[in-house]
2 protein chains.
Amino acid sequence: MENLQLHITINPELYTKDPESSELGQKIVSTSIAMINSLGFEAFTFRKLGVQIGSNESSIYRYFESKHALLVYLINWYWSWIEYKLVFETANITIAQDKLTKAITLLTEEVEEDNSFTFINEVLLNKIIISESAKAYHTKDIDKENEKGFYKTYKRVVQRVSDIVLEINPSFEFPHMLVSTIIEGAHHQRFFSKHLPSLTDVEEGKNNIVRFYSDLVLKAIVS
Amino acid sequence: MENLQLHITINPELYTKDPESSELGQKIVSTSIAMINSLGFEAFTFRKLGVQIGSNESSIYRYFESKHALLVYLINWYWSWIEYKLVFETANITIAQDKLTKAITLLTEEVEEDNSFTFINEVLLNKIIISESAKAYHTKDIDKENEKGFYKTYKRVVQRVSDIVLEINPSFEFPHMLVSTIIEGAHHQRFFSKHLPSLTDVEEGKNNIVRFYSDLVLKAIVS
DNA sequence: ACATATTAATAGTATTACTATCATATATTT
DNA sequence: AAATATATGATAGTAATACTATTAATATGT
């Protein structure tokens, strides 16, 4: 992908102080992505992050009120990025079938770095989405947070792809279930392929995840 | 389901002292299921459990070395129970197609109480599986724990259903992906329908989750 | 009645996830 | 250049968590 130096705007409810507004904020985001990956979300703490970036714990709290809030921010950044890619990659395609194939590929393929966004490593962020995002929404506060729009970007991606499905088959009953199933499913498969391979049929270099879900969707929506 | 007073045997690696061997142990299991449901796994602690059952925190540690270990125990109990139901409900059915339909229904339908197992509330346990099981395996210790057999029962269920899929279509390439996708997918849909309904197409009393996944599987495996 | 196993009570530890306060450095305005 | 505002840093403190260790009390089996 080209180096466009784009900017993704994040809902201000998702931070206390905009991390993109300062060098420290950007370091918080980029380093937290690396550390959540290496330590796992449980063992990751603002104290450790502070030590790593040579800054103070209390300064980090000025950007995010908790590590949960930081995780929600990262998840939203990711889905805004995916939404941008979705719109970009399906632009000017008139045949709905082709749009859908592009969309499924985007949602199920392995993520590659996007140099249009300097301080975020999309490959590592994708790993966080796969391993940690369930921890963000499987909380007792989900309904309150949902009302505040914490999961809006994810829902918007599902809606966009559902719309493509309905373009192909307007009477298909379950477009949202289909799309959320393949998104979550593909993430599970990538996790399982590394840690619980007997739950998958992944083979090196054969692109089975994309093939499986593409085929699944196309068969599902034929009437 | 009949009241058979059955017993599910759990791998001894999953507890320090068998909770079924004493009244305290059974109370730990049954009360923890209720409390994890009401508090969520994060806010649930052995101290609170001790207070609730009128016992001491240190006594609980004699049965489970951590609350994570308890969660893994519960997950294994659940999947052993599902495996038993799967074998029971598909016994004596010769037509593979019918076996598969039964299996998918079992894996995607809403769970009902099973009075064959006195001190476990399967309805609540199912809710724990839906909301908390990702937290059990999305840890840094997954590979070590997988080696110790912590996820064996789940994998066995997936394998059994995959075998039925292969009976119907021996050349189907992705039976494990298909089965794990529908299991995880159905759980997600039940969670989403309560908290993020725009990600689903669930309608009251229309059994859409079972219908969607049954249809998805049947269409996927036709060659 | 006595040994043994089980459970309870109490205390203690390192760490976490913060909050609060105050000092200092840096940037902006006048 | 001085005054002011803003951002960051340093330090300390708190309640709770997830345990461990030790000792005492109680129940059970022979």
Side-chain angles (χ1 to χ4, degrees), chain A residues 12 14-32 35-36 38-74 119 132 135-136 138-141 144-145 150, chain B residues 12 14-32 35-36 38-74 119 132 135-136 138-141 144-145 150:
Chain A
L14 297 173
Y15 49 75
T16 310
K17 177 181 169 154
D18 186 358
E20 299 204 38
S21 69
S22 74
E23 219 179 296
L24 177 61
Q26 295 180 17
K27 238 158 85 181
I28 288 170
V29 171
S30 60
T31 310
S32 69
M35 288 183 80
I36 292 172
S38 57
L39 300 173
F41 187 66
E42 283 74 25
F44 166 78
T45 69
F46 279 2
R47 176 171 297 251
K48 289 175 190 167
L49 175 59
V51 171
Q52 187 76 13
I53 64 183
S55 179
N56 199 272
E57 199 187 357
S58 59
S59 306
I60 299 165
Y61 277 100
R62 290 212 183 77
Y63 289 84
F64 296 101
E65 68 181 30
S66 64
K67 70 173 183 171
H68 170 77
L70 169 58
L71 180 59
V72 172
Y73 175 93
L74 294 176
F119 66 94
E132 318 291 355
K135 295 169 192 169
H138 282 146
T139 5
K140 285 285 151 186
D141 297 326
K144 223 184 308 155
E145 297 191 344
F150 282 28
Chain B
L14 297 173
Y15 50 74
T16 310
K17 178 180 166 153
D18 187 358
E20 298 204 40
S21 69
S22 75
E23 220 180 295
L24 177 62
Q26 296 181 16
K27 238 155 89 179
I28 288 171
V29 170
S30 60
T31 309
S32 71
M35 289 184 80
I36 292 171
S38 57
L39 300 173
F41 187 65
E42 284 74 26
F44 166 78
T45 69
F46 279 3
R47 176 171 297 249
K48 289 174 189 167
L49 175 60
V51 171
Q52 187 76 14
I53 63 182
S55 178
N56 200 274
E57 198 186 357
S58 59
S59 306
I60 299 165
Y61 277 101
R62 290 218 182 71
Y63 289 85
F64 296 102
E65 68 180 29
S66 65
K67 71 173 182 171
H68 170 78
L70 169 58
L71 180 59
V72 172
Y73 175 92
L74 294 176
F119 66 95
E132 318 292 356
K135 295 169 192 168
H138 282 145
T139 3
K140 285 285 150 186
D141 297 324
K144 223 186 308 157
E145 296 191 345
F150 281 28

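In the text below, chain A, chain B and the rest are named by the order of the sequence lines, each starting its count at 1.
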- Which of these, A:Tyr15, A:Phe46, A:Tyr73, sits in a ring pair (Phe, Tyr, Trp, His ring centres under 6.0 Å) with A:Phe64?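 Answer after filtering A:Tyr15, A:Phe46, A:Tyr73: A:Tyr73.
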
[X] [atom1] to [N] [atom2], straight-line distance once rounded to whole Å:
| X | N | atom1 | atom2 | value |
| --- | --- | --- | --- | --- |
| B:Gln26 | C:dT7 | CD | P | 12 Å |
| A:Ile53 | D:dA10 | CD1 | P | 12 Å |
| A:Glu20 | D:dA7 | CD | P | 16 Å |
| A:Phe44 | C:dT15 | CZ | C1' | 16 Å |
| B:Asn56 | C:dT10 | CG | C1' | 9 Å |
| B:Leu49 | C:dA8 | CG | C1' | 15 Å |
| B:Leu70 | D:dC19 | CG | C1' | 15 Å |
| A:Lys27 | D:dA7 | NZ | P | 17 Å |

Closest listed nucleotide, where the reference is the side chain of [X] and the choices are [options]:
| X | options | result |
| --- | --- | --- |
| A:Lys17 | C:dC18, D:dA7, D:dC19 | D:dA7 |
| B:Ser59 | C:dA8, C:dC18, D:dT8 | C:dA8 |
| B:Ser55 | C:dA8, D:dG13, D:dG9 | C:dA8 |
| A:Tyr61 | C:dC18, D:dT8, D:dC19 | C:dC18 |
| B:Arg62 | D:dC19, D:dT22, D:dT8 | D:dT22 |
| B:Ser58 | C:dT10, C:dG12, C:dT16 | C:dT10 |

- Item | Lys/Arg-Asp/Glu bridge criterion (N-O < 4.0 Å) met for A:Lys140, B:Glu42 |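 The answer is no: the pair does not qualify as a salt bridge.
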
- Message: Regarding B:Ser66, tell me which of base, sugar-phosphate or nothing describes its non-hydrogen contacts under 4.0 Å with the strands shown.
- Response: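 Sugar-phosphate only.
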
- Message: Under 4.0 Å, counting only non-hydrogen atoms across every strand here, what does A:Tyr63 touch: a base, just sugar-phosphate, or nothing?
- Response: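 It contacts sugar-phosphate atoms only.
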
- Message: Any side-chain N or O of A:Lys48 below 4.0 angstrom from OP1/OP2 of C:dT16?
- Response: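 Yes, such a contact exists.
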
- Message: So, does B:Ser21 get its side chain near the phosphate of C:dT6, meaning an N or O under 4.0 Å from OP1 or OP2?
- Response: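 Looking at the OP1 and OP2 atoms of C:dT6, neither is under 4.0 Å from any side-chain N or O of B:Ser21.
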
Main-chain N/O of [Y] paired with [X] side-chain donor or acceptor, under 3.5 Å:
| X | Y | answer |
| --- | --- | --- |
| B:Lys48 | B:Ala43 | yes |
| A:Lys135 | B:His138 | yes |
| B:Ser32 | B:Val29 | yes |

- Between B:Glu57 and B:Gly25, who's closer to the 5' end of DNA chain C by nearest nucleotide?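 In this pair, the answer is B:Gly25.
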
- Message: By nearest heavy atom, map B:Thr45 and A:Leu24 onto DNA chain D; which one lands nearer the 5' end?
- Response: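 Mapping each residue to its closest nucleotide by heavy atoms, the 5'-most match is A:Leu24.
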
